[in-house]
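The shown structure was predicted, so the numbers you read here are calculated from the model rather than taken from an experiment. Reminder, nothing fancy here: chain letters follow the sequence lines and each chain counts from 1.
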2 protein chains.
Amino acid sequence: MIRTVSTPRKHPPERRRPGTISIRDVALRAGVSIATVSRAVNRIPTVDPELASRVWKAIDEVGYLPNTQARALVSGRSRLLGLIVSEITNPFFPELVQEFETLATSQGYEVLIGSTNYDPARTESLMRRLLQRNVDGVAVMTFGVEEDLVKKLVEREFPLVFVDAGPNLPNIHVLKVDYGEGIRQGVQHLAALGHRSIAFISGPLAQRSPKVRLDAFLKSMDELGIHVPAEHQVEGTHTMEGGITAMEQLLALDKLPTAVMCSNDMTAIGALHALYRTPLKVPQDISIVGFDDIHLAQFMLPPLTTVQMSCRSLAVAAVEALRAGIEPDHPKARQKEWLISTRLVVRQSSTFPRGSLPAMSHSAQQRHGPAR
Amino acid sequence: MIRTVSTPRKHPPERRRPGTISIRDVALRAGVSIATVSRAVNRIPTVDPELASRVWKAIDEVGYLPNTQARALVSGRSRLLGLIVSEITNPFFPELVQEFETLATSQGYEVLIGSTNYDPARTESLMRRLLQRNVDGVAVMTFGVEEDLVKKLVEREFPLVFVDAGPNLPNIHVLKVDYGEGIRQGVQHLAALGHRSIAFISGPLAQRSPKVRLDAFLKSMDELGIHVPAEHQVEGTHTMEGGITAMEQLLALDKLPTAVMCSNDMTAIGALHALYRTPLKVPQDISIVGFDDIHLAQFMLPPLTTVQMSCRSLAVAAVEALRAGIEPDHPKARQKEWLISTRLVVRQSSTFPRGSLPAMSHSAQQRHGPAR
DNA sequence: TCTGTGCAGGGAAACGTTTCCCGCCTGTGA
DNA sequence: TCACAGGCGGGAAACGTTTCCCTGCACAGA
């Protein structure tokens with residue numbers, strides 16, 4: 001090692017974790033230069049197979065693991081992805097996190113998860129931390145966080161993935177969820193069963209995605225020529241508590257709707273709970289349809305009819321879109337929008353309204369019939 | 001800059017992300033050395049206040065954010081904590097993750113979350129990734145993963161936190177959950193109500209924590225002199241599905257128990273669902289008691305009586321124990337065990353067994369009475 | 001045999017910090 | 001006024017990689 005000007009330091013500090021072994025140890029043991037070790041590790045094809053195998057043997061013997069931070073420092077890429085969700089305790093998100101994590105790690109990325117809890121201060125600090133950690137890209141899966149909260153990331157031209165809508169800028173990818181399709185299926189399913197009085201419990205309408213879901217519902221109803229009175233549009237919070245409260249509002253009406261669609265499954269589950277406390281039976285007295293198809297949905301009583309938005313598709317698209325933004329020669333680097341489809345999953349929380357036998361075939365009637 | 005031997009490189013590669021600004025830019029702008037900037041940023045008191053404020057002004061103007069990887073590389077500390085859970089989709093864990101994350105980030109640490117999904121291969125790769133990322137410490141909150149899966153971490157003397165039990169080595173901290181206390185309260189609660197035939201649905205007994213919970217139950221029953229026949233100990237999986245299956249096993253018995261304690265809340269919720277499909281009423285015909293007190297528990301029908309293990313206490317202890325292991329002069333550096341208490345939360349899924357009025361005061365009877 | 005070409009592999013720069021070490025400046029005491 | 005002590009701040013080493021550049025060797029062609 002060549003020293004340039006000053007005298008060598010007297011007491012080189014022992015900062016390394018004792019067990020840590022570096023590329024230098026491998027090079028020493030294999031009798032090659034560290035450059036060659038690096039090339040072998042990164043599977044550069046020009047390295048002599050004989051040398052490479054000596055290197056791999058040495059790596060195995062000393063138990064070498066490349067230091068990711070040094071790698072990141074020099075290569076400028078951290079192989080870290082940020083994943084921002086609204087609240088990790090909402091059961092939809094762990095499922096998404098799990099899929100995202102599995103995909104990302106299988107492709108050599110690590111995931112830093114942050115939940116905003118709808119708190120701007122928390123989001124702000126989250127952004128700063130992600131920037132400091134030099135994440136390669138961030139997926140903002142919040143279904144409607146204010147965009148200016150992430151403007152720091154936008155400014156620095158980070159690869160970003162949004163759901164539903166995002167600023168139209170380079171490096172910004174948007175996962176377009178096709179709410180229309182699934183929600184239309186849901187509305188038509190209820191209409192086909194004979195429902196004409198269908199209420200909707202929305203999410204917090206200040207957010208983008210809940211608004212879009214409500215609009216999709218109203219549009220589908222309009223297509224069928226069914227009027228939705230104002231008192232049949234109730235704003236919830238996308239939580240079970242919100243679903244309970246909203247359902248109680250509907251229950252207080254003079255004339256109950258015969259079916260209720262909900263903006264997400266937790267809301268629907270809340271609605272079910274509110275109904276359990278009444279003499280009303282689901283689905284005989286009132287049909288309930290959810291949205292998301294979280295794992296819990298199929299275990300409800302009755303199992304919840306719901307519109308499925310596949311976590312897996314969302315995660316796959318998010319990871320692929322991020323990689324497209326990160327890796328310059330990715331085949332889909334220019335693709336800005338990624339479509340996520342939704343579809344109805346009919347279970348047992350929906351049937352024909354009491355008293356009005358539907359104009360449908362016998363088999364369909366059976367299929368939609370009550371569970372117990 | 002002094003070059004030693006070779007000629008300067010001709011085309012210094014442009015690897016930096018365009019928007020990135022380094023400590024050098026700040027130093028330039030503030031007219032000080034990078035050493036001074038570093039000292040100012042780290043609030044070293046010897047730096048002249050006048051200089052420091054110039055530095056902070058410059059930092060603000062250029063929008064400087066220290067690069068964590070470079071910091072980690074030189075300081076040997078990544079300020080990353082690993083958090084290993086069994087499966088993120090089990091509702092207990094997101095609550096824990098949220099608490100842990102909030103605490104860790106408020107103390108300047110970032111969290112890398114990994115779920116093992118009970119898959120050794122996945123765990124293996126998880127460990128390798130954590131080591132490569134140079135985490136400062138790892139909390140293994142799996143309630144019973146095989147210890148040899150983490151032996152790489154143990155070998156390298158990483159600060160580690162286990163739940164319930166771990167190898168007795170330096171740098172290993174153990175969160176001792178006092179299952180006994182809460183479970184005894186649960187058993188005594190049921191016994192006081194008059195139950196003598198109490199079944200237990202355990203978790204997977206190959207794991208450590210489920211075993212400990214079962215033992216605590218048996219011990220408490222033994223203390224009361226109540227015999228537990230073998231067919232009243234059913235092994236579940238700590239999932240809702242497991243709870244359903246296990247409850248169905250119990251329902252198939254000639255003589256039903258009058259109460260069932262469950263090793264976790266998801267199991268209890270599964271048991272409730274299995275019972276909904278029968279004419280039996282909870283709690284009038286059979287009492288159900290859970291364990292964990294997840295958020296969902298209070299929204300069950302009826303709201304679930306359960307033993308609370310505070311996520312928050314667990315997270316607080318885990319983070320503090322990790323810091324104790326990481327920071328050499330932490331006040332509690334020598335503390336190896338951290339006690340987590342549990343306590344019964346009485347809701348409405350437990351009451352006296354049908355037909356046998358309990359020998360208790362009127363007020364108590366009312367308190368434990370059926371909800372609806 | 002000599003020159004030219006290609007390429008594998010080694011030396012060292014660079015990434016952005018922290019921190020050691022030393023020089024210089026200021027202030028104090030004789 | 002000068003010597004000396006103390007402390008602030010700057011220069012540069014070090015962290016563990018990747019990758020540039022260049023050397024030296026093998027081999028081919030004349």
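Look at CG on Leu73(B): it is 14 Å from C1' on dT19(C), rounded to the nearest Å. Look at CD1 on Ile23(A): it is 14 Å from P on dC15(D), rounded to the nearest Å. For the pair Leu131(A) CG and dG16(C) P, the computed distance is 15 Å after rounding to whole Å. Atom CZ of Arg24(B) and atom P of dC15(C) are 7 Å apart (whole Å). Atoms CZ (Arg133(A)) and P (dT17(C)) sit 13 Å apart, rounded to a whole Å. Rounded to whole Å, the distance from OH on Tyr64(A) to P on dG16(D) is 10 Å. One atom, CZ of Arg77(A), and another, P of dA14(C), lie 23 Å apart when rounded to the nearest Å. In this structure, Leu28(A) atom CG and dG10(C) atom P are separated by 13 Å, rounded to whole Å.
Side-chain nitrogen and oxygen atoms of Asn42(A) include at least one within less than 4.0 Å of the OP1 or OP2 phosphate oxygen of dT18(D).
Stem list for DNA chain C (at least 3 consecutive Watson-Crick or G-U pairs, distances under 3.5 Å): C:1-30 with D:1-30.
Shown here are the side-chain hydrogen bond (donor to acceptor under 3.5 Å, both in side chains) partners of Thr68(A), two or more places apart in sequence or in another chain: there are none. Glu61(B) pairs by the salt bridge (charged side-chain N to carboxylate O under 4.0 Å, His left out) definition with Arg29(B), Lys57(B), not counting sequence neighbours. Remark: Arg323(A) engages Glu327(A) in a salt bridge (charged side-chain N to carboxylate O under 4.0 Å, His left out) (not counting sequence neighbours). In this view, Ala315(A) and Leu96(A), Glu99(A), Phe100(A), Leu103(A) satisfy the side chain to side chain contact (heavy atoms under 4.5 Å, CB included) rule, not counting sequence neighbours. Every residue was checked against the salt bridge (charged side-chain N to carboxylate O under 4.0 Å, His left out) condition with Arg79(B), not counting sequence neighbours, and none meets it. Residues passing the side-chain hydrogen bond (donor to acceptor under 3.5 Å, both in side chains) test with Ser313(B), sequence neighbours excluded: Ser310(B). Applying the salt bridge (charged side-chain N to carboxylate O under 4.0 Å, His left out) rule to Arg122(A) yields the partners Glu101(B); only residues at least two apart in sequence or on another chain are considered. In this view, Glu110(A) and Arg129(B) satisfy the side-chain hydrogen bond (donor to acceptor under 3.5 Å, both in side chains) rule, not counting sequence neighbours.
Of the residues in residues 104-112 of chain A, not one comes within less than 4.0 Å of DNA chain D through any heavy atom.
Using a 4.0 Å heavy-atom distance criterion, Leu65(B) is classed as a sugar-phosphate-only contact.
Taking both residues in full, the closest heavy atoms of Val97(A) and Ile88(A) are given as CG2-CD1, 3.9 Å, listed atom of the first, atom of the second, then distance. Taking every heavy atom of both residues into account, Arg133(B) and Ser78(A) meet most closely at NH1-O, 2.9 Å. Between Gly325(A) and Pro159(A) the shortest heavy-atom distance is O-CG, 3.7 Å.
Relative to the side chain of Ser38(A), the nucleotides dT18(D), dT18(C), dC15(C) differ in distance, and dT18(D) lies closest.
Residue-to-nucleotide proximity on DNA chain D shows that, of Ile34(B) and Ala35(A), the 5′-proximal contact is made by Ile34(B).
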Which protein N or O atoms sit under 3.5 Å from an N or O of nucleotides 5-9 of chain D?
| residue | atom | partner | partner atom | Å |
| --- | --- | --- | --- | --- |
| dC8(D) | O5' | Thr46(B) | O | 3.1 |
| dG9(D) | OP2 | Asp48(B) | N | 2.9 |

Just list the side-chain donor-acceptor pairs under 3.5 Å for residues 38-50 of chain A, sequence neighbours left out, or say none.
| residue | atom | partner | partner atom | Å |
| --- | --- | --- | --- | --- |
| Asn42(A) | ND2 | Ser38(A) | O | 2.8 |
| Glu50(A) | OE2 | Arg54(A) | NH1 | 3.3 |

